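Notes follow the structure.
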Amino acid sequence: MPTITNHLPTSELQALDAAHHMHPFTTGDELSAKGARVITRAKGVYLTDSEGNEILDGMAGLWCVNIGYGRQELVDAATRQMQELPYYNTFFQTTHVPAIALAQKIADLAPEGLNHVFFAGSGSEANDTNIRLVRTYWAEMGKPEKSIIVSRKNAYHGSSVGSGSLGGMAGMHAQGGMPIPDILHINQPNWWSEGADLSPAEFGIAVARELEDAILHHGESRVAAFIAEPVQGAGGVIVPPETYWPEVQRICDTYDILLIADEVICGFGRTGNWFGSQTMGIRPHIMTIAKGLSSGYQPIGGSILHDDVAKVIAATEFNHGYTYSGHPVAAAVALENLRLLDEESVVDHVRKTAGPALKAMMQSLTDHPIVGEATVVGLMGSIALTPHKESRAKFAAEPGTVGYICRERCFANNLVMRHVGDRMILSPPLIITPDQIEEIGRRARKALDETSEALKDQDLLMAAS
Ligand SMILES: *Cc1c(COP(=O)(O)O)cnc(C)c1O
């Protein structure tokens, strides 16, 4: 396969990037001064940058390249579809084969009762759709005042005004007039940081009951839905205590509110089942999907609706849709991606082989002096950095200072590992082998050693009081 190697020198690319290209979630001036890393190609679990470095991608891009990089089958699916029908819409009483086939395949894979797909171009768009879906559902049921959506602090549901409002990221809410009305945020099930003196089991029940408190406080007649990621991803791979989801499910069953599982990261094999809802034992009315749906090869997302919700929506005109809802090229690529995940038993590989290997590797890192707990589900996991593990202490420095240092040391050791605050995250392509996971472990340990040294040098090993 030919690769593009005749590009400009890295410094020129960086200068042009700084001059014209604005980056998401970035302080532009800082990045311009430093220069962005230029990724030029990728294969399997490895990226190559413009300097020729081979970097192990422990994050599968942004948690999305489930099938790994460089699959010719997906290229061919896109080529065929672009030749045959590069674009048509599904508004105005038309449809096309890729949208039909993909919706059917998704319904096939999804848990029982979840049989109807509304396509979007991304996870953010799909969650915007969900806000309108659940409110329209209750309006059609004769309860238009049932419009409050309960979400969680530190949740991530996207970056548009609607989905960013659902999310619970304080930094996002501080910019641009969010959240929109009638969105509430309860506490997250983050035992390590927020569990205080409760056991994980007690803490799981306590934070789940905040949902019940919210419903009782505002009245069942006002609360439309609860939205949550089965396992919080961007919040730091927060695996809830085992007591959490059963209690949330009990509350959703007791009161008449819809449960939305945001499966954008957890879906399509990440947790060792097709969907995180299966791993966590929950029964959502709506699931948000994107990312792994196409393994990131094309932008596509959507909402999967339970029959009970879909039939109410279908009885009215839902005044909503995107030019690229069900885009034929994106749909064709997603369908081929699902075929590969299915036929190559990738989900079984996560559950039986790669997931246990990642868990063992990450747990082995907890003997490191600055590593506290490791939490791993399937192929997503995180380790908490701490100056004192017994007390689950936080660092005295601004949260994220130490995580950032560690991420830089990972990069320097040709490993992409992300930090969320002072947690270090892994979410590699699902096709990763146990040997490659060990390679991550070696590079991560070296990065942790270097981080420890840097903390000593900079006097940052102190605990917050
Ligand atoms: C990434 C993400 C989204 C947003 O998806 P985009 O495609 O970036 O709009 C929504 N929910 C979760 C859980 C995510 O991780």
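First listed ligand is number 1; within each ligand, the first listed atom is number 1. Bear in mind the structure is a predicted one, so any value in this text is a computation, not a measurement. Count residues from 1 along the sequence.
- Within a 6.0 Å sphere centred on OH of Tyr88, other residues, nucleotides and ligands contribute 12 heavy atoms or fewer.
- The closest side-chain donor-acceptor pair between Asp253 and Gln249 falls under 3.5 angstrom.
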Derivation of the salt bridge (Lys or Arg N to Asp or Glu O under 4.0 Å) call for Glu210 and Lys153: CA-CA 12 Å; Glu210 290 188 25; Lys153 293 173 189 162; 5.9 Å; no

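- Each of Ser122, Gly123, Ser124, Asn127, Tyr156, His157, Gly158, Glu229, Asp262, Val264, Ile265, Lys291 has a non-hydrogen atom positioned under 4.0 Å from some atom of ligand 1.
- The aromatic rings of His320 and Tyr322 lie perpendicular to each other, with more than 60° between the two planes, well past the 30° mark.
- Relative orientation of the Tyr156 and Phe25 rings is perpendicular, given thresholds of 30° and 60° on the angle between their planes.
- Ring centroids of Tyr137 and His285 are separated by 6.0 Å or more, keeping the two rings apart.
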